[in-house]
Amino acid sequence: MSNIAKRDTFSELAATEIAPDHSALRAIRETRGYSLEELSLTCGLSINEIADIESGRDADPSKLRRIATALRLPEGALVNPAVLVQPTENRSV
């Protein structure tokens, strides 16, 4: 993933501070243009499962990975949000 995409994703997460009634996942989903129904079809989870995750009632890592993949995020981005904000350059290996 390019650094531009990572910065865009971080910007999407930062935008949730402006609208605290939205979870970071919901903000990313909406920014990417997905409705709950469309994301459900794309990742294979029910609308209720996605709504539970967005509201904080569910945090199943396997579901989070499926949603991340559907939203074109790094696989662990929703399981480990630090994946979104760590720049690739200047990282020690």
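Residue numbers start at 1 and run along the sequence shown. On a predicted model such as this, the values are computed, not experimentally measured, just so you know.
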Can you name the residues that form a salt bridge (charged side-chain N to carboxylate O under 4.0 Å, His left out) with Asp60, not counting sequence neighbours?
none
Gap separating the CD atom of Glu30 from the CG atom of Leu25, nearest 0.5 angstrom
9.5 Å
Thr42: side-chain contact (heavy atoms from CB on, under 4.5 Å) partners, not counting sequence neighbours:
Tyr34, Ala70
For Asn48, what residues pass the side chain to side chain donor-acceptor pair (under 3.5 Å) criterion, not counting sequence neighbours?
none
How far apart are the closest heavy atoms of Ser40 and Ile47, and which atoms are they?
OG-N, 3.7 Å
Under the side chain to side chain donor-acceptor pair (under 3.5 Å) test, residues paired with Arg65 that sit two or more places apart:
none
Can you pull out every salt bridge (Lys or Arg N to Asp or Glu O under 4.0 Å) where at least one residue sits in residues 36-47? Sequence neighbours excluded, please.
none
Measure across Ile67 and Cys43 and return the closest heavy-atom pair with its distance rounded to 0.1 Å.
CG1-SG, 4.1 Å
State, to 0.1 Å, how close Leu71 and Arg29 come at their nearest heavy-atom pair, and which atoms those are.
CD2-CA, 4.1 Å
CG/Leu36 to OG/Ser46 distance, rounded to the nearest 0.5 angstrom?
10.0 Å
Any donor-acceptor pair under 3.5 Å from Arg66 side chain to Gly44 backbone:
yes
Counterpart residues, side-chain contact (heavy atoms from CB on, under 4.5 Å), relative to Leu64 (two or more places apart):
Ile53, Leu78, Val79
So which heavy atom on Lys63 is nearest to which on Asp58, and how close?
NZ-OD2, 2.9 Å
